[in-house]
There are 2 protein chains.
Amino acid sequence: MNFKFSKRISGVKASAIREILKMMNDPEIISFGGGNPASETFPITKLKEISDDIFNNQANTILEYGITEGDIDLKKAALKFLSRHETVLKDYDEVMVTSGSQQIMDFMSKCLCDEGDIVICENPSFLGALNAFKSNGAKLVGIDMEDDGINLVKLEEALQMPQKPKFIYLIPNFQNPTGITTSLKKRQAIYALAKKYQVMILEDNPYGDLRFRNDPIPSIKSLDDEGLVVYAASLSKIIAPGMRVAIMIGHRDLLAKCTVAKQTNDVHTNAWAQRVMARFLNEVDMDEHLNKLQAVYSRKCNLMLKEMDRHFSKDCKWTIPDGGMFIWVTLPERLNMPSFVKKAIEHKVAVVPGNAFYDDDNKHCQSFRMNFSMPSDEQIIKGVAILGALIND
Amino acid sequence: MNFKFSKRISGVKASAIREILKMMNDPEIISFGGGNPASETFPITKLKEISDDIFNNQANTILEYGITEGDIDLKKAALKFLSRHETVLKDYDEVMVTSGSQQIMDFMSKCLCDEGDIVICENPSFLGALNAFKSNGAKLVGIDMEDDGINLVKLEEALQMPQKPKFIYLIPNFQNPTGITTSLKKRQAIYALAKKYQVMILEDNPYGDLRFRNDPIPSIKSLDDEGLVVYAASLSKIIAPGMRVAIMIGHRDLLAKCTVAKQTNDVHTNAWAQRVMARFLNEVDMDEHLNKLQAVYSRKCNLMLKEMDRHFSKDCKWTIPDGGMFIWVTLPERLNMPSFVKKAIEHKVAVVPGNAFYDDDNKHCQSFRMNFSMPSDEQIIKGVAILGALIND
C-alpha cells in the first residue's frame, strides 16, 4: 500500500525532542532534555485518597460517558482556583475541560485555520504547539524574542501583512524554551495591537504557578475586554501530567466550535481524572501546595544556575528564569551548536538543540534548552560539569 | 468579536443526538435515545482493586508523562485479547492506544483527507464518525444498507468515481444505528473491491464482543493481506466508556502519521486508564466477563423485541440484532417520522430520528433508533407501550 497523506499532516515532522527522549531511556544518560515536572512533587497520597473515595461512593459517574464540555464540579473548582488573583473569566466567556492543554492548541487551530492561514508565534516557542498549528494546515510566522518578550515592531509588521493572521500564540510566563517572562508593559502593548488589528491571542500559561522569583504579572487574559484572548491553563505542571487535564477559557462562540471539535475527537476527557482533579482543587490548600512546589523548583533552578556559573565559560550566555522549568543557553560563535549537542549526548548528557523550537528549524541557532525540574540534584551537578568541560574543550 | 471559523469545522452541525441527550437529564424521560452501555455490567470492584494496587506500587508511572503510542503492557494485553479467535495484527501493522475509538475516526481522516476528499460510509452510520470525517474536511458518500450489509453495486459505483475515495468506513457487527451485521460473503466481497480499487477500509468494531445470537463472523481485518484495513477496537462497551481507551491497529506507515496527530492532540491517553485496562485484560477471565455481559444484553434486547411485538402495529418493521445495543425501527408511510419522534418526547420517551445518521440529514427517512442497553427492564416495558400507543394513535 502506498499512502498519500493529507497536506496538513505531511507538514509536521516527527519531533526532534522525541528522538532525544528516546535516548533518555538509556539509564546512564543525564537528561536536561525533557519537559517533565519534578515527579517528587506529585501528591500521590492525596490523589489515592480521593480516588478511593470516588470508587466507593460514585463509581458510576467515572465509568459512564460524560459531558463533552467537562465535569461541572471541575469547571467550578478550576475557575475558583484560576480566579483567585485576577479575572480570567469574562462575561462573554465559557469554560471547557480538555485532555491536556496540547488539545487547546489543536482545537484552536482546527477551528480557526484553513489550509495556509497564518499563526503568529514567539520565536523560539513550544514545539508541541507549533506542530499542532501546522497539523491543521497553519503557516507559522515567528517573532523574535527579546529579554522582556517578543519584538513589538516585528509583531506589528506581521499584523499588517496582507493576509491577516488568525491568532498570536504566546507563553508569557517563563516561556518554553527560553524561560523568558513577558513584562507587563509588553503584555499591555501586545493586547493593544491585537485589539487594533482584531487578531486573537492564545495565551498559554502552563507554568504561571511555578513562579519562585519576583512578583506575579497579570495575564493578558485579565486585560481582555473584547473576547480576543483564549486562556490555556494546564493542571499538568502543578498536579500531574499523566492525568491529561487542562482548562480552556474563551469566548463562548469559539468554545462552542471547540466543543464540536472535542466531540469528534475524544468525546470527553477521562472521567476519573476530571473527578479527581475537581476534588483535589476543592480539598487541598492550593497555596500551601504551590509553595512546596515552588521551593523545589527554586532549589533546582538555583543549583543549576550556580553550577553553570562555575563551569560554563564567560562567553556563554543564559537566561535567569523567574519560574518554570527551563534555562536557555546561547553558545559563543566559536562553537557549533548542533555538534555540541551531539557531543554532549556522546558524553551522556542530553539537552535540546534550540532550532527545534523555531518556526523554521533550518534557521541558524546557537542556543539549546536545559530543563532543571526533572533531574536530581546529583544529576544537575554532574551533568553541568560535563557540559562545562565540553564548552571549554 | 466576529469569528470566522475554518471551513472544515463549519461543516459540522451540533449533533442532533446531543440535543436529545440534553433532554435525557429530565429524570421523567425514558431514554431509548442514548448510546451508553449497560452500566450494571461495569466491573467496579475489580477496577478499584487494580487502581488501588497501582497507586500503592507504581504511582509515578501513572502520574508522569507517558509514551504517545501507548502503555506497552496495554498494547500487549489488548493484542492478546483481540487475537484470541483470529489474526488482527499483520506483519506490516502497528498498534496504538487512543482516547476512545472516536479518536481513531478523527486521526484517520485528519491524516488521509485533504479538504473535499471523499469518505465512503454506510448509510445510515454512526454520527460521531461521520462528524469526525467532516471536521477534517471530508465529503461523505453514503451507500445504502441492506439486511446483510451495504449494497455492493452502489459501493463499486462509488469506488469508480473520478475522484478516488480515501477510505470506506464500516461497522460490520450490529451496526450503529441499524443493528445489522454484514455477512461473511459481503465482508469478503467488500474487501475484494477495496483491493481491486486500492481504497482503504476503516473497520469499526465497538460491539463485536456483545454478540448474543448466532456465530461470530471473521472481521474484515482478518481477511486483510495488503495493509488496506485499519481496525478500531474499543474497550468502552466491554469495560467502561468513561475510561476513554481504545486500540487502533493498522499499517505502520499510517500509524506513524497517526502518532504525530496524537502527539499534537493529547500527547497520550490518560496514563491511569491505560494501566488499569492493561491489568484488567491480563487478570480477568475475559470469556467469563463477556458471557455475563452478553446475558444482560440478550435479556434486554429480547425483552424490547417481545414488547415491540406486542405493542407495535403490523405495518412497522424493525431489525433483529445479533448483538450490540440498537434496534432500527421503520414506520409505515402513514406516519411522519419527525413528528412521531417529537410526539414521543412529549410523552416522555426519547428515540433518535434516523435521518441524523444519514450522510445528508435532509434526506427523507421513516426510521428511528432505539437503544436497549441503558434503560431498565421496567423502562423498556413502559416506554415501548407508550411508543406503541402513539403508533396506533
Side-chain angles (χ1 to χ4, degrees), chain A residues 1 3 5-9 12 14-15 18 36 39 42 44 47-48 51-52 55 59-60 62-66 99-100 102-103 105-106 110-115 128 131-132 135 198 200 226-228 240-244 251 253-254 257 260-261 263-273, chain B residues 1 3 5-9 12 14-15 18 36 39 42 44 47-48 51-52 55 59-60 62-66 99-100 102-103 105-106 110-115 128 131-132 135 198 200 226-228 240-244 251 253-254 257 260-261 263-273:
Chain A
M1 186 68 193
F3 294 99
F5 296 112
S6 63
K7 275 176 277 179
R8 64 174 90 93
I9 205 73
V12 188
S15 149
R18 233 174 110 82
N36 301 44
S39 59
F42 295 157
I44 298 174
L47 292 174
K48 179 177 188 308
S51 177
D52 272 358
F55 262 108
N60 267 342
I62 58 166
L63 298 176
E64 196 43 277
Y65 279 115
S99 305
Q102 180 69 46
Q103 225 181 33
M105 316 307 149
D106 188 14
K110 181 169 185 174
C111 293
L112 288 174
C113 297
D114 284 313
E115 203 84 43
N131 279 343
S135 82
Q198 287 291 297
M200 299 198 65
E226 275 200 17
L228 284 173
M243 309 282 278
R244 314 302 310 122
H251 194 287
D253 295 347
L254 176 64
K257 286 290 174 196
V260 172
Q263 215 185 336
T264 61
N265 173 251
D266 65 1
V267 187
H268 63 79
T269 293
N270 178 281
W272 170 86
Chain B
M1 185 68 192
F3 294 100
F5 296 112
S6 63
K7 273 177 278 181
R8 65 174 88 93
I9 205 74
V12 188
S15 149
R18 233 174 111 82
N36 301 44
S39 60
F42 295 158
I44 298 175
L47 292 174
K48 179 177 189 306
S51 178
D52 273 358
F55 262 109
N60 267 343
I62 58 165
L63 298 176
E64 195 45 277
Y65 279 116
S99 305
Q102 181 67 46
Q103 224 181 35
M105 316 308 149
D106 188 14
K110 181 169 184 173
C111 291
L112 287 174
C113 298
D114 284 313
E115 202 85 43
N131 279 343
S135 83
Q198 288 291 298
M200 298 198 67
E226 273 198 19
L228 284 173
M243 310 281 278
R244 313 304 309 123
H251 194 288
D253 295 347
L254 176 63
K257 284 292 173 196
V260 172
Q263 214 184 337
T264 60
N265 172 252
D266 65 2
V267 188
H268 64 79
T269 294
N270 177 281
W272 170 87

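Chain letters run A, B, ... following the sequence lines, proteins first, then strands; residues in each count from 1.
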*asked:* Taking the side chain as everything from C-beta on, heavy atoms only, tell me whether B:Arg8 gets closer than 4.5 Å to A:Arg8.
replied: yes

task = Take the angle between the ring planes of A:Trp272 and B:Trp272 and call it parallel below 30°, perpendicular above 60°, tilted in between.
result = parallel

Nearest heavy-atom approach of B:Cys113 to A:Ser6 is O-CB, 3.6 Å

Of B:Glu64, B:Gln103, B:Lys7, the largest count of non-hydrogen pairs under 4.5 angstrom with chain A goes to B:Glu64

Contact check, side chains of A:Asp266 and B:Gln102, non-hydrogen atoms, under 4.5 Å: no

Okay, A:Met105 and chain B: the region with an atom under 4.5 Å from a heavy atom over there is neither

If one checks every heavy atom of A:Glu226 against chain B at 4.5 Å, the contacting part turns out to be backbone

So, the part of A:Phe3 with a heavy atom under 4.5 Å from chain B: the answer is side chain

Assert top hit (heavy-atom pairs under 4.5 Å, partner chain A, pool B:Leu112, B:Asn265, B:Val267, B:Thr269) equals B:Asn265

Ranked by heavy-atom pairs below 4.5 Å to chain B, first place among A:Cys111, A:Ala59, A:Ser39 goes to A:Cys111

With chain A, the option among B:Leu63, B:Ile9, B:Asp106, B:Asn60 that has the most non-hydrogen atom pairs under 4.5 Å is B:Leu63

Applying a strict 4.5 Å limit to non-hydrogen atoms, the region of A:Ser99 in contact with chain B is both

Comparing B:Gly242, B:Ala273, B:Ala132 against chain A, the one with the most heavy-atom pairs below 4.5 Å turns out to be B:Gly242

Taking every heavy atom of A:Phe5 against every heavy atom of B:Leu254, the minimum-distance pair comes out as CE2-CD1, 3.6 Å

Most heavy-atom pairs under 4.5 Å with chain A, out of B:Lys110, B:Glu115, B:Met243, B:Met200, belong to B:Lys110

In terms of heavy-atom pairs under 4.5 Å with chain B, the winner among A:Ala271, A:Gly227, A:Ser135 is A:Ser135

